[in-house]
Undergrad: 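My questions will all concern the structure given below.
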Amino acid sequence: MFFDSHAHYYDNRFYGEENPQGAEALLEELFSDGLLGVINIGTNPQSNILAVEQARKFANMYAAVGIHPTDMADMKMPLDEAIESVKRLALDPANKVVAVGEIGLDYYWEPYDKEAQRVCFEAQLLLARELSLPVIIHDREAHGDCFETVLKYPDVRGVFHSYSGSAEMASELIKRGWYISFSGVVSFKNAAKIKEVARIVPDDRILIETDAPYLAPHPFRGKINHSGRLIHTATALAEARECTVDKIAELTRENLRTLFGV
């Protein structure tokens, strides 16, 4: 029923008590149970390779590659080399890369270097424009700067994943062709602001995601997340939008296909 627009299935958290056989056994089970597809998201030169390698093993898994703002400090290569590694992966059709991401700004985890994050973010927006690929935006506690940055690249489009900004900012992004994605956070009891955003996003701009293994929806909050739990996120979205879960599944999978061309 669902197409998961954002997950990290190479993450070591999948190898534990909840999934003793690991992520790939879990994925085989999920796909056999009716999961339509997954976008597997890299965040640095090493995890980009892992995301691509894993995506190549499953017919319905695709990859996104990019440099996450919180991964920059631990990179073992200069930024220009890291960007070039993203480009090489994206240019190989066998890698099934459908987006540049996860990229953006993060002012939550300290210490952070705003200028270094901006340079990295803009370099990848330029790369996405060069490659004619959509982008997947990470925006944590950096709403104003993220918005102002994407405005500088009006010919680049994509999705703000696990959206946490205001309804007003969402409306402005939507006017400019951006998509808004909702994670399990929309199911939390204290998520009134996100539920408000969920009500105003047009049918043709909404996406659904897990951010697996993170952000598991209620009643699994705090546990390892996976695409089999999208039903709970979809239920919260359906309640906010006063529609059916089937409608949420239909809208989000068609929007994903439109944005990522899969």
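Index from 1, following the sequence.
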Undergrad: Answer with yes or no whether the hydrophobic clustering places Leu259 together with Val262; edges join I, L, V, M, F, W, Y residues whose side-chain heavy atoms lie under 4.5 Å apart.
TA: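 Yes, because Leu259 and Val262 connect within a single hydrophobic cluster, where side-chain heavy atoms sit under 4.5 Å apart.
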Undergrad: If I take atom OG from residue Ser166 and atom CD from residue Glu172, how far apart are they, to the nearest 0.5 angstrom?
TA: 9.0 Å
Undergrad: Can you list, pair by pair, the side-chain donor-acceptor contacts under 3.5 Å of residues 193-208, counting residues two or more places apart and other chains?
TA:
from	atom 1	to	atom 2	distance (Å)
Lys193	NZ	Ser164	O	3.2
Lys195	NZ	Val186	O	2.7
Asp203	OD1	Arg241	NH2	2.7

Undergrad: Which heavy atom of Tyr163 sits nearest to which heavy atom of Leu173, and what is that distance?
TA: CE1-CD1, 4.1 Å
Undergrad: Quick one: list whatever passes side chain to side chain donor-acceptor pair (under 3.5 Å) with Asn95, sequence neighbours left out.
TA: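 Expected list: Arg56.
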Undergrad: Looking at residues at least two apart in the chain, or sitting in another chain, which of them share a ring-ring contact (aromatic ring centres under 6.0 Å, His included) with Tyr107?
TA: Tyr112
Undergrad: Please check if Leu131 and Val98 belong to a single hydrophobic cluster, counting links between Ile, Leu, Val, Met, Phe, Trp and Tyr side chain heavy atoms closer than 4.5 Å.
TA: no
Undergrad: Over all heavy atoms of both residues, which pair between Ile231 and Gly228 is shortest? Give the atoms and the distance, please.
TA: CG2-O, 3.9 Å
Undergrad: Looking only at side-chain N and O atoms, does Asp211 offer a donor or acceptor that is under 3.5 Å from a partner on His8?
TA: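 The answer is yes; a qualifying pair exists.
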Undergrad: How many angstroms lie between atom CG of Asn60 and atom NZ of Lys96, to the nearest 0.5 angstrom?
TA: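 If we round to the nearest 0.5 Å, Asn60:CG and Lys96:NZ are 7.5 Å apart.
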Undergrad: What ring-ring contact (aromatic ring centres under 6.0 Å, His included) pairs are there with at least one residue in residues 172-198, not counting sequence neighbours?
TA: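 Sorted result for residues 172-198: Phe160-Trp178.
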Undergrad: What about the rings of His68 and His138, do their centers lie closer together than 6.0 Å?
TA: yes
Undergrad: Pairs of donor and acceptor atoms involving the side chains of residues 243-252, under 3.5 Å and at least two apart or interchain, shall be tabulated with distances.
TA:
from	atom 1	to	atom 2	distance (Å)
Thr244	OG1	Lys247	N	3.0
Thr252	OG1	Ile248	O	2.7
Thr252	OG1	Ala249	O	3.3

Undergrad: Check the pair Leu27, Met61 against side-chain contact (heavy atoms from CB on, under 4.5 Å), reporting the backbone distance first and the verdict last.
TA: CA-CA 10 Å; Leu27 283 164; Met61 178 177 268; 3.6 Å; yes
Undergrad: Would you name the heavy atoms of Phe14 and Ala212 that are closest together and state the gap between them?
TA: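 The answer is CZ-CB, 3.8 Å.
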Undergrad: Is it true that Ile137 and Tyr62 fall in one hydrophobic cluster, defined by side-chain heavy atoms closer than 4.5 Å?
TA: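 No, because Ile137 and Tyr62 fall into different hydrophobic clusters, even though each may have its own neighbours under 4.5 Å.
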Undergrad: I need the minimum non-hydrogen distance between Phe121 and Leu105, along with the two atoms involved.
TA: CD2-CG, 3.7 Å
Undergrad: Name all residues meeting the side chain to side chain donor-acceptor pair (under 3.5 Å) criterion together with Lys76; count only those two or more places apart in sequence or in a different chain, and write none if there are none.
TA: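 Applying side chain to side chain donor-acceptor pair (under 3.5 Å) to Lys76 gives none.
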Undergrad: Taking ring-ring contact (aromatic ring centres under 6.0 Å, His included) as the definition, give me every residue that meets it alongside Phe147, ordered by chain and number, with sequence neighbours left out.
TA: none
Undergrad: Calculate, to the nearest 0.5 Å, the distance between atoms CD1 and SG belonging to Ile67 and Cys120 respectively.
TA: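 Taking CD1 in Ile67 and SG in Cys120, the distance rounds to 6.0 Å.
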Undergrad: Does Phe2 form a side-chain contact (heavy atoms from CB on, under 4.5 Å) with Leu256? I'd like the steps, not just the answer.
TA: CA-CA 10 Å; Phe2 297 106; Leu256 184 143; over 6 Å; no
Undergrad: Just grab all the salt bridge (Lys or Arg N to Asp or Glu O under 4.0 Å) pairs involving residues 150-160, residues at least two apart or on different chains.
TA: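 Checked against salt bridge (Lys or Arg N to Asp or Glu O under 4.0 Å) - neighbours excluded - the pairs reaching residues 150-160 are Glu122-Lys152, Arg129-Asp155.
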Undergrad: Taking all atoms of both residues into account, what is the closest heavy-atom pair of Ser181 and Val159, and its distance?
TA: CB-CG2, 3.6 Å
Undergrad: Other members of the hydrophobic cluster containing Phe220, with the 4.5 Å side-chain heavy-atom rule, please.
TA: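 Cluster partners of Phe220: none, it stands alone.
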Undergrad: So, does Arg176 use its side chain to make a donor-acceptor pair with the main chain of Val150 at under 3.5 Å?
TA: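 Not at all, since once roles are kept as given, no pair shorter than 3.5 Å links the two residues.
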Undergrad: What is the minimum heavy-atom distance between Gly184 and Thr233, and which atoms define it?
TA: CA-OG1, 3.4 Å
Undergrad: Quick one: side-chain contact (heavy atoms from CB on, under 4.5 Å) partners of Ala25, sequence neighbours excluded?
TA: Gln21
Undergrad: Check whether Lys87 reaches the backbone of Leu127 with its side chain - one donor and one acceptor, N or O, closer than 3.5 Å.
TA: no
Undergrad: So if you build clusters from Ile, Leu, Val, Met, Phe, Trp, Tyr with side-chain heavy-atom gaps below 4.5 Å, do Leu89 and Leu126 land together?
TA: yes
Undergrad: Ring of Tyr108, cation from Arg140 - is the NZ or CZ under 6.0 Å from the centre and inside 45° of the axis?
TA: yes
Undergrad: Once side chain to side chain donor-acceptor pair (under 3.5 Å) is applied, do any residues pair with Asn255, and if so which ones, sequence neighbours excluded?
TA: none
Undergrad: Rounded to the nearest 0.5 Å, what separates atom CG in Asp71 from atom CE in Met75?
TA: 8.5 Å
Undergrad: Would you check if there is a donor-acceptor pair between the side chains of Ser5 and Glu209 at a distance under 3.5 Å?
TA: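 Note: Glu209 and Ser5 side chains miss the donor-acceptor criterion.
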Undergrad: Is a side-chain N or O of Asp106 found less than 3.5 angstrom from the main chain of Pro69, in a donor-acceptor match?
TA: no
Undergrad: State yes or no: do Tyr10 and Leu26 share one hydrophobic cluster built from I, L, V, M, F, W and Y residues joined by side-chain heavy-atom distances below 4.5 Å, directly or via other members?
TA: no
Undergrad: What I want to check is whether the side chains of Tyr214 and Asp11 have a donor and an acceptor closer together than 3.5 Å.
TA: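 Their side chains do contain a donor-acceptor pair, which is all the 3.5 Å distance test asks for.
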Undergrad: Would you check, one step at a time, whether the test side-chain contact (heavy atoms from CB on, under 4.5 Å) holds for Gln124 with Val135?
TA: CA-CA 9 Å; Gln124 293 180 95; Val135 293; over 6 Å; no
Undergrad: Where do Ile180 and Ile174 land on the side-chain contact (heavy atoms from CB on, under 4.5 Å) test, with the steps shown first?
TA: CA-CA 8 Å; Ile180 305 295; Ile174 290 160; 4.2 Å; yes
Undergrad: Could I get the full list of side chain to side chain donor-acceptor pair (under 3.5 Å) partners for Ser227, not counting sequence neighbours?
TA: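 Scan of Ser227 (side chain to side chain donor-acceptor pair (under 3.5 Å), adjacent residues dropped) gives Asp4, Tyr9.
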Undergrad: Would Lys57 and Glu53 pass as an ion pair if we require N to O under 4.0 Å?
TA: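 The answer is no: the pair does not qualify as a salt bridge.
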Undergrad: Measure the spacing between NE2 of His161 and OG of Ser183 and express it to the nearest 0.5 Å.
TA: 8.0 Å
Undergrad: Quick one: does any side-chain atom of Ser47 pair with a main-chain N or O of Leu50 as donor and acceptor, under 3.5 Å?
TA: no
Undergrad: As an exercise, state the distance from OH of Tyr153 to CG of Leu125, rounded to the nearest 0.5 Å.
TA: 6.0 Å
Undergrad: Whether the side chain of Arg253 engages the backbone of Met1 through a donor-acceptor N/O pair (distance < 3.5 Å, no angle test) should be reported.
TA: yes
Undergrad: Is there a side-chain contact between Asp74 and Asn44 in this structure, where contact means two heavy atoms from C-beta onward sitting under 4.5 Å apart?
TA: no
